[in-house]
Amino acid sequence: MNFYEWMIGKYYGKDTPRGDLAGDMKHEEEGFPKDGDRQRILDYLHGMFACDECIALFKRCWRDYEKAVSDEGK
């Protein structure tokens, strides 16, 4: 499962900052790098002039995603 799928499945539709990020990701159908790695997504967010809070939130979500994927393999 990639980061995009994980975020949409876990947070899309929730009234939280993570839900807002997932919603933004989903609504950027043409632009968001769905199969992107951490750096590619960061580059995309910077290119879209995402605010510092959004970047920080993405980084927290990415850490949680990595942990979830790691835990699935155990």
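All residue numbers refer to positions in the sequence shown, counting from 1.
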Residues in side-chain contact (heavy atoms from CB on, under 4.5 Å) contact with Arg60, at least two apart in sequence or another chain: Arg18, Ala56, Leu57, Arg63
Approximate separation, where rounding is to 0.5 Å, of Met25 CE and Cys61 SG: 8.5 Å
Heavy-atom closest pair, residues Phe58 and Leu21: CA-CD2, 4.1 Å
Interatomic distance, Ile41 atom CD1 to Phe3 atom CZ [nearest 0.5 angstrom]: 5.5 Å
Sequence-distant partners of Arg40, side-chain contact (heavy atoms from CB on, under 4.5 Å), two or more places apart: Pro33, Asp37
Chi angles and distances behind the side chain to side chain contact (heavy atoms under 4.5 Å, CB included) call for Phe32, Asp24: CA-CA 9 Å; Phe32 190 85; Asp24 290 344; over 6 Å; no
Heavy-atom closest contact (Lys59 atom, Leu42 atom, distance): CE-CD2, 4.1 Å
Non-hydrogen atoms of Tyr65 and Met1 that approach each other most closely: OH-O, 2.8 Å
Minimum heavy-atom distance between Ile55 and Ala50, given as atom pair plus value: CD1-CB, 4.0 Å
Partner set under ring pair (Phe, Tyr, Trp, His ring centres under 6.0 Å) for Tyr11, not counting sequence neighbours: Trp6
Any pair counted as side chain to side chain donor-acceptor pair (under 3.5 Å), so long as it reaches residues 42-53, sequence neighbours left out: Glu28-Tyr44, Gln39-Asp43
Residues in side-chain contact (heavy atoms from CB on, under 4.5 Å) contact with Glu66, at least two apart in sequence or another chain: Trp62
Results of side-chain hydrogen bond (donor to acceptor under 3.5 Å, both in side chains) for Lys34 - residues two or more places apart only: Glu29
